[in-house]
Participant: 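Encoded as structure tokens, here's the structure I'll be asking about.
Sequence positions, counted from 1, serve as the residue numbers for this chain. Just follow the structure's listing: the first ligand is 1, and inside any ligand the first atom is 1.
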Amino acid sequence: SSISADSHEDFLHCLSLQFPNSNSISKVIYTRHNSSYSSVLESSIRNLRFTTPETPKPLVIVTPLQEAQIQAAIYCSKQSGMHIRVRSGGHDYEGLSYVSHENPFVIIDLVNFRSITIDTESSTAWVQSGATLGQLYYTIAQKSKTLAFTAGVCPTVGIGGHFSGGGYGMMSRKFGIAVDNIIDARLIDVNGRILDRKTMGEDLFWAIRGGGGASFGVILEWKIKLLAIPETVTVFTVNRTLEQNATKVVHRWQYVADKIDENLLLRLFLRRVNSSTQPGKVTVQASFVSLYLGGVDRLLQVMQESFPELGLAKEDCIEMSWIESILYFAGFSGESPDILLNRTSSQGAYFKGKSDFVTEPISEKGLNTIWESYKNLKVDFSEILFSPYGGRISEISESETPFPHRSGTIYNIHYAVVWAEEGKAALNRHMTLTRWFYSFMAPYVSKSPRAAYLNYRDLDLGVNNKGNTSYTQASIWGLKYYGNNFKRLVHVKSMVDPGNFFRNEQTIPNCVGTV
Ligand code: FDA
């Protein structure tokens, strides 16, 4: 439309005025006329649901090299009425970092803000938001064999979204989640000011550690506490199908997984597989994928004492360094750690994810009912992931950060449905079946609210009206993601962004006076 064309011109003109004596800004701007526009846009899109011709595309993408360029992009967006989205690793489940139905919009892509500075002396690091988890782990391991960080498993996930939404990984029972280990941050606010922990104040510093960055500003970098780990860790993967007593073992796991030695994290993947004993039939396979911070002998003692039902044997276990365990869990066993620096993820697919939290163990009867439904779920590929909580996660109070899933949470459930077939029919079928399975699970999971994990973002939980937010409406998903912290997030949002400049489908509402 002509309105968007005007805003677009105004935006570019405004930017050029900000940098009158240099053409540096033009090198980091991509419009639709630029031959690299599509490759820059698609560079970190994993989910094919957001690459269709109907997907709204930005008028401009800016890939800043300097902080002043981000400040200028914010200023000029405001001046020209452009909406903005901020992207770090682009892994948002609903594509919110690069898709907007508000037109016109610009993406600030932090791909060039990816430096990491490690200080082994103080066991701290500054990490820019556009770095990836893989790059962070690689860089720490280059400097030390006994320092590490607690965050997610997939190496291509971006720091910016991941840290601002929580950050669960294989060491979370020992060290908590990423936000529990962030000690400072620098961000640019709606007025273009660069603030650190001291100048932003404790309310805003609290909000960006689990409340999502997108509501509050552009987070440039984070200071994290590095964590002391042993030189040797142990990993194992043990599979049990229903014919191999999986139901009993999974049932027992629910009583053990959040209480066992916090050096041990037993993650559980459930998948439909073909039965090896009954040809033509499908069964459910439970895969226990685990990390122990220590050697195999001690691990076997812990398992013998607390979870003998799994029948873990020494042959199942592999001792290795922490960085090798990162490769192992990412599916890169035996590769050089350099592969962690690769930002481009494997071939994308169509994907829908959802989440739940479990606070009461599910009975054996309940598990059997779940397996029956799951076996009959007619989707291309699906996976249910149970991630145990407890340990350090539950020692931290619910209000310490906006991430509320603490004491009382036994495990998180992640539902993933993946398909390859193009087109609306396949999309509708897979989305409908995913939603059906989620509603089927309601009796087994947390209630009032039925909690959800922000980093597994799900727009089925509700969305803001375009350009406008309502407290009542937003509290529907706000209470699921943040529990009792939702009100404080609204308060912080109202203070730091009263004009609701930083907004998306699920940003924190700005309603001064209603709280
Ligand atoms: P992206 O760039 O898409 O940003 C996500 C959101 O944060 C958007 O709203 C965006 O605008 C905002 N944002 C990003 N950078 C910002 C900045 N600098 N300032 C302000 N706002 C900013 N989670 C987990 O806890 N444990 C895990 O093991 C995994 N594993 C995993 C694997 C795979 C394959 C995927 C796709 C996702 C995960 N996740 C996960 C979920 C992941 O933590 C979540 O999607 C993060 O938000 C991704 O962060 P990115 O920076 O990549 O996303």
Participant: Nearest 0.5 Å, what's the CD1-CD distance between Ile476 and Gln473?
Facilitator: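 Output value for this atom pair is 6.5 Å.
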Participant: Assess Arg87 for proximity to ligand 1: is some non-hydrogen atom of it under 4.0 Å away?
Facilitator: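 In this structure, Arg87 qualifies as a contact of ligand 1 - some heavy atom is under 4.0 Å.
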Participant: Kindly say whether the aromatic ring centers of Tyr168 and His162 come within a distance under 6.0 Å.
Facilitator: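 So the answer is no for these two rings.
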Participant: Is it the case that Arg488 places NZ or CZ above or below the six-membered ring of Phe486, under 6.0 angstrom from the centre and within 45 degrees of the axis?
Facilitator: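 Geometry flag: not set, cation outside 6.0 Å or 45°.
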Participant: Using heavy-atom distances, let me know which of His162, Gln506, Glu221, Arg267 sits nearest atom 42 (C) of ligand 1.
Facilitator: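 Considering heavy atoms of His162, Gln506, Glu221, Arg267, the nearest to atom 42 (C) of ligand 1 sits in His162.
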Participant: Are Phe113 and ligand 1 in contact, using a heavy-atom cut-off of under 4.0 Å?
Facilitator: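 Contact absent.
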Participant: Contact between Gly165 and ligand 1, counting heavy atoms under 4.0 Å?
Facilitator: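 Checking ligand 1 against Gly165, which is what was asked, there is no heavy-atom contact under 4.0 Å.
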Participant: Could you say whether the N/O atoms of Gly158 and ligand 1 ever approach to under 3.5 Å?
Facilitator: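 Yes - when backbone and side-chain N and O of Gly158 are compared with those of ligand 1, one distance drops under 3.5 Å.
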Participant: Do Arg450 and Tyr438 form a cation-pi contact, if we require the NZ or CZ to be under 6.0 Å from the six-membered ring centre and within 45 degrees of the ring's axis?
Facilitator: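 Relative to the ring axis of Tyr438, which defines the angle, Arg450 lies inside both limits.
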Participant: May I ask you to check whether Ser164 has an N/O atom sitting below 3.5 Å from an N/O atom of ligand 1?
Facilitator: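 Not met; the criterion fails.
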Participant: May I ask you to decide whether Glu67 forms a salt bridge with Arg193, counting only side-chain N to carboxylate O separations under 4.0 Å?
Facilitator: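 No, Glu67 and Arg193 are not salt-bridged.
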Participant: Test your reading of the structure: does Gly89 have an N or O sitting under 3.5 Å from an N or O of ligand 1?
Facilitator: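 Yes; the residue has a nitrogen or oxygen that sits under 3.5 Å from a nitrogen or oxygen of the ligand.
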Participant: Does a side-chain N-to-carboxylate-O contact under 4.0 Å join Lys198 and Asp184?
Facilitator: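 Looking at Lys198 and Asp184, the cut-off is not met.
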Participant: Applying a strict 4.0 Å limit to heavy atoms, is Gly217 in contact with ligand 1?
Facilitator: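 Gly217: in contact with ligand 1 (<4.0 Å).
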Participant: How are the rings of Tyr456 and Tyr93 set to each other: parallel, tilted or perpendicular (split at 30° and 60°)?
Facilitator: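 Judged by the thresholds at 30° and 60°, the geometry between Tyr456 and Tyr93 is parallel.
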Participant: Under 3.5 Å between some N or O of ligand 1 and some N or O of Tyr453?
Facilitator: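 Yes; at least one N/O pair falls below 3.5 Å.
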Participant: If hydrogens are left out, which of Arg457, His91, Arg46 has an atom nearest to atom 48 (C) of ligand 1, that is, the closest non-hydrogen atom?
Facilitator: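 Of the listed residues, His91 has the closest heavy atom.
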Participant: Evaluating non-hydrogen atoms only, which member of Gly90, Cys154, Gly353 is closest to atom 1 (P) of ligand 1?
Facilitator: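 Of the listed residues, Gly90 has the closest heavy atom.
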Participant: Looking at Gly152, which atoms of ligand 1 are within less than 4.0 Å of one of its heavy atoms?
Facilitator: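 Answer, ordered by atom number: 26 (N), 27 (C), 28 (O).
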Participant: Quick one: does Gly167 get a heavy atom under 4.0 Å from ligand 1?
Facilitator: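 So Gly167 counts as touching ligand 1.
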Participant: Calculate, to the nearest 0.5 Å, the distance between atoms CZ and CD1 belonging to Arg272 and Ile384 respectively.
Facilitator: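 If we round to the nearest 0.5 Å, Arg272:CZ and Ile384:CD1 are 11.0 Å apart.
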